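Working notes for the structure below.
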Amino acid sequence: MTTTRSRTGDDSAAAREWNRGRDRYVPAEIEAKWQERWEREGVYRAPDHVPGKENWYALVMFPYPSGDVHIGHWYQYAGADAHARFKRMQGFNVMHPMGFDSFGLPAENAAIASNINPRQYTETNIANMRRQFRSMGASYDWDRELETHSPEYYRWNQYLFLRLYEAGLAYRSRGFANWCESCQTTVANEQVLDGACERCGTPIARREMDQWFFAISRYAEELLQMDGIDWPNKIKTMQTNWIGRSEGVDFRFDISGYGLPETELTTFTTRIDTVYGVTFVVLAPEHPLVQKLTQPEQRDSVAEYIALAARTSEIDRTSTEREKTGVPIGAFATNPLNGERVPILVGDYVLATYGTGAVMGVPAHDERDFVFAKKYGLPIRVVVAPDGWDGSDLVEAYLARGTQVNSAEFNGLPSVEGIERIADKIEADEIGRRRVTYRMRDWQFSRQRYWGTPIPIVYCDDCGVVPVPMNELPVRLPDEAEFKPTGRSPLADDPEFINTTCPKCGKPARRETDTMDTFVDSSWYHLRFASPHESQAPFDQDAVGSWLPVHQYMGGAEHAVMHLLYARFFNKVLRDLGMVKFDEPYSRLFNQGLLIKDHQKISKRSNPLAPDPLVDRYGADAIRCYLMFLGPWDQGGDWSDDGLAGVTRWLNRIWELSGRDIADLATTGDPESERELVRAAHKTTRRAITDLERFKFNTSIAALMEFTGDMSRAWDRGSVSPAAWSDAVERLLLLTAPLAPHIAEELWKRTGHAFSIHNEQLPTWDDELAADEVITVVVQINGKVRERLELPADVSEEQAFEAAFASDKVKAYVDDTEIVRRIYVPGKLVNLVVR
RNA sequence: GCCGAGGUGGCGGAAUGGUAGACGCGACGGUCUCAAAAACCGUUGGGCAUAACGCCCGUGCGGGUUCGACUCCCGCCCUCGGCACCA
């Protein structure tokens, strides 16, 4: 079973030397050479259409140009590249693009710290990283490279912003924003971790200011829908939790006695079954009714409480450990269901941004309300009774379902039914409505920094907020600016930038000085890669049609609720604007794990590991293979230099095996040994390909390592034909090519094949040729392995038992017993249950 | 607290109901060498036993299902990741 491959009949001096075993594997001598040739000949260039080939868009999350490609990048990008190469060799027209997510804070911080221009800083870093990516031997189509800081890119951020603005999906609003004192800018909710800045760890403060938002929450319901995409469940769950859908009821209390325009106070609850147990109402400190309802005697204490709450950091305020506090505002609300007047309090455990910012207090059935009521001496009334409740006081809130009590006409109903019946009554009486709320808030995307996309908005005294006309884009970022941590965008100190004329009325006006969150850039970059040089639109419809949605997206899980959610949101908006035809941007997603070193995170400062010296010493192929051999790609790994020896030895073995002179072999092999090698070749092909498809690089490499051992033994037996040997070598090289592209290319040439191995098809396998002729059948007695029998693969059940009973070992166990059961698993085992 | 992933030799890991420890590292022994390195060959979960065949134990812990469990079920413990006053 020999595959036919084109051969050049290369007979160069180098190849002859090597064939005599004098030429050793020196990675440095071959890697750069092939990298240059691949690029010169455009081996990885992906035209939009190739006749007879299906397109495959293999996308790996593009990096921020921090300056160096570190070994963690290698871990991510080598795996992604191996998979893209694998798909290419399966016959797909593969696009594997690379670019740089080049706006962002580090460049600007470098400018502040060392007085370097952010653009220079960024572009120097990009140049270095491009070089390092080349040294990795990745199969990028560099013709499609994009950099988000270039005006050719960010003008389309501005364009898309304007399209969202027109559609009412981008808006400006005043409110409390997450402020990072260290980064001197606001950040989105998704960028706050444990109350601290995701980037620098500084506690986040609340600051009231005008901010720009994208109305992502309008898509909450559709974003929950993830059935159509093949993503890790972990990411889907994280997104579902982040969106946080809950069903409940807006329930209105009567406050008509205060002579206000507002006669009602709306609360939100998911437990309307407990509504007869309300003994107080709590408002968030920011709730507008707080000021209006506070009575004169309470004015001072309420003002003091609110001031204190404002000073409390986000970390403290959201800590579940923290004591629940509040003060009465002196006003009362009437529960329209039972006419009870209950006190209204202000408490900072109620969040202004969730639900209605007002909560009905049911101490008997909510932990927080229980603690709160105990502390302030408020009544606790049970309305959902636990099974067998004797009417005594609760020692803690009862949260589970039960039977309605103290609930007027609903008494005796199971509370699950109570929820529905009470909601029905409330809707019928028009004192409330069922409603779905989401935890996710709108995406706050304006940043008070320089190194980002300027928001194309002009403020005019007469016309107000005026969008910059599309034909005036891009609003360019000025090259020079004063970089100081002032808490305002450096653009605000640049009169040339700020001062403009109103596009509507022509009078002097001021530009918006905030820039966009860099996650805007990455929300649609996958579309730009389809037509990166398009100058009339963000992307070309035809090109997008032929490449998108992304067939395989690869990257880290740290973006689960940021980039991956924003990109889905953008896609749905663009679809609704008629710009794309598909519902989801990324059809399949694979998350690689994190590479660590010595059980610690690899970091430039504390635990560095630079790839360049490793490449010099071991070669890119060895490092790629080692990283992929460490363990399953999705689980991450722990780097240690020791392990490199194994893959290095293996690559040397491939080199040496490929170089053996087939003239040393007899022209015909011994059928038995030959069959052995052919079987190994087909088995290996099957294993390696199946595992590569599923990103199981580690077991794929293990299979190939075993195969080199099989080949070596077959040769030593001296009984394989040149044809079988050459086929084995071809298979070995083709299957190794996605993993170790340089050595595979070099040996492909030296074994007389035409450039390039990376344009070849992977070998196929034949299950019949891969099948064993002799199998090991295990004999178990009462489930314990007692004997192993070598039997023909097509052994029948009857024959298997016969063979088992013929064994002396088995006899010894079976004699003087009664066989109560016989189990036969074809090709695997027999199990005798004896008594 | 809630959600998710995981726990297997000295180490990285393999096996998703059927021979536990593939493959690799390391270690030990050997070949080659004046020597060392490299390379190659062999051994390598623990215990007992041995002239040999073997036998017992073993996949975080405790139960269960099954002829048979690393794998499935129930209850815990631990590690890592995410979310967390969301009414």
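What you see is a predicted model; the values in this text were computed from it and never measured. Convention: sequence-line order gives letters A, B, ...; per-chain numbering from 1.
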Which residues satisfy the salt bridge (charged side-chain N to carboxylate O under 4.0 Å, His left out) test with A/R694, sequence neighbours excluded?
A/D691

Is there any protein nitrogen or oxygen under 3.5 Å from a nitrogen or oxygen in nucleotides 66-70 of chain B, and what are the pairs?
| residue | atom | partner | partner atom | Å |
| --- | --- | --- | --- | --- |
| B/rC67 | OP1 | A/R821 | NH1 | 2.6 |
| B/rC67 | O2' | A/N831 | ND2 | 3.4 |
| B/rC67 | O2 | A/N831 | ND2 | 2.4 |

Applying side chain to side chain donor-acceptor pair (under 3.5 Å), name anything that partners A/T776, two or more places apart in sequence or on another chain.
A/E790

If the condition is side chain to side chain contact (heavy atoms under 4.5 Å, CB included), which residues does A/Y376 pass it with, not counting sequence neighbours?
A/T325, A/F372, A/L378

Which atom pairs link the protein and nucleotides 8-11 of chain B when you take only N or O atoms and keep those under 3.5 Å?
none

Pairs under 3.5 angstrom only: tabulate donor-acceptor contacts from the side chains of residues 361-370 of chain A to other protein residues two or more places apart or in another chain.
| residue | atom | partner | partner atom | Å |
| --- | --- | --- | --- | --- |
| A/H365 | ND1 | A/Y398 | O | 2.9 |
| A/H365 | NE2 | A/V383 | N | 3.0 |
| A/H365 | NE2 | A/V384 | N | 3.1 |
| A/D366 | OD1 | A/R368 | N | 2.9 |
| A/D366 | OD1 | A/R368 | NE | 3.2 |
| A/D366 | OD1 | A/D369 | N | 3.0 |
| A/D366 | OD2 | A/R368 | NH2 | 2.7 |
| A/D369 | OD1 | A/Y349 | OH | 3.0 |
| A/D369 | OD2 | A/V362 | N | 2.9 |

Under 3.5 Å, side-chain donor or acceptor atoms of residues 782-789 of chain A against the rest of the protein: list the pairs with distances, not counting sequence neighbours.
| residue | atom | partner | partner atom | Å |
| --- | --- | --- | --- | --- |
| A/N782 | OD1 | A/V834 | N | 2.9 |
| A/R786 | NH1 | A/Y813 | OH | 3.2 |
| A/E787 | OE1 | A/K809 | NZ | 3.3 |
| A/E787 | OE2 | A/S807 | OG | 2.9 |

A/R439 CZ to B/rC2 C1', in whole Å, measures 12 Å

Distances for protein N/O vs nucleotides 36-45 of chain B N/O pairs under 3.5 angstrom?
| residue | atom | partner | partner atom | Å |
| --- | --- | --- | --- | --- |
| B/rA39 | OP1 | A/R649 | NE | 3.4 |
| B/rC40 | OP1 | A/R653 | NE | 3.4 |

A/I419 has an atom CD1; how far is it from atom P of B/rA87, in whole Å?
12 Å

Under the 3.5 Å Watson-Crick or G-U criterion, the dot-bracket string of RNA chain B, with | for inter-strand pairs:
(((((((..(((.....[....)))((((((.......))))))((((.....))))..(((((..]....))))))))))))....

With the criterion being N/O to N/O and under 3.5 Å, what pairs connect the protein with nucleotides 13-16 of chain B, and how long is each?
| residue | atom | partner | partner atom | Å |
| --- | --- | --- | --- | --- |
| B/rA14 | OP1 | A/N698 | ND2 | 3.1 |

Holding to side chain to side chain donor-acceptor pair (under 3.5 Å), I want the full list of residues that pass it with A/Y276, two or more places apart in sequence or in another chain.
none

Let me have the donor-acceptor pairs involving side chains of residues 556-565 of chain A, under 3.5 Å, with sequence neighbours excluded, atom names and distances please.
| residue | atom | partner | partner atom | Å |
| --- | --- | --- | --- | --- |
| A/H563 | ND1 | A/S522 | O | 3.4 |
| A/H563 | NE2 | A/Y553 | OH | 2.6 |

Identify whether the glycosidic angle of B/rG45 places it syn (within 90° of 0) or anti.
anti

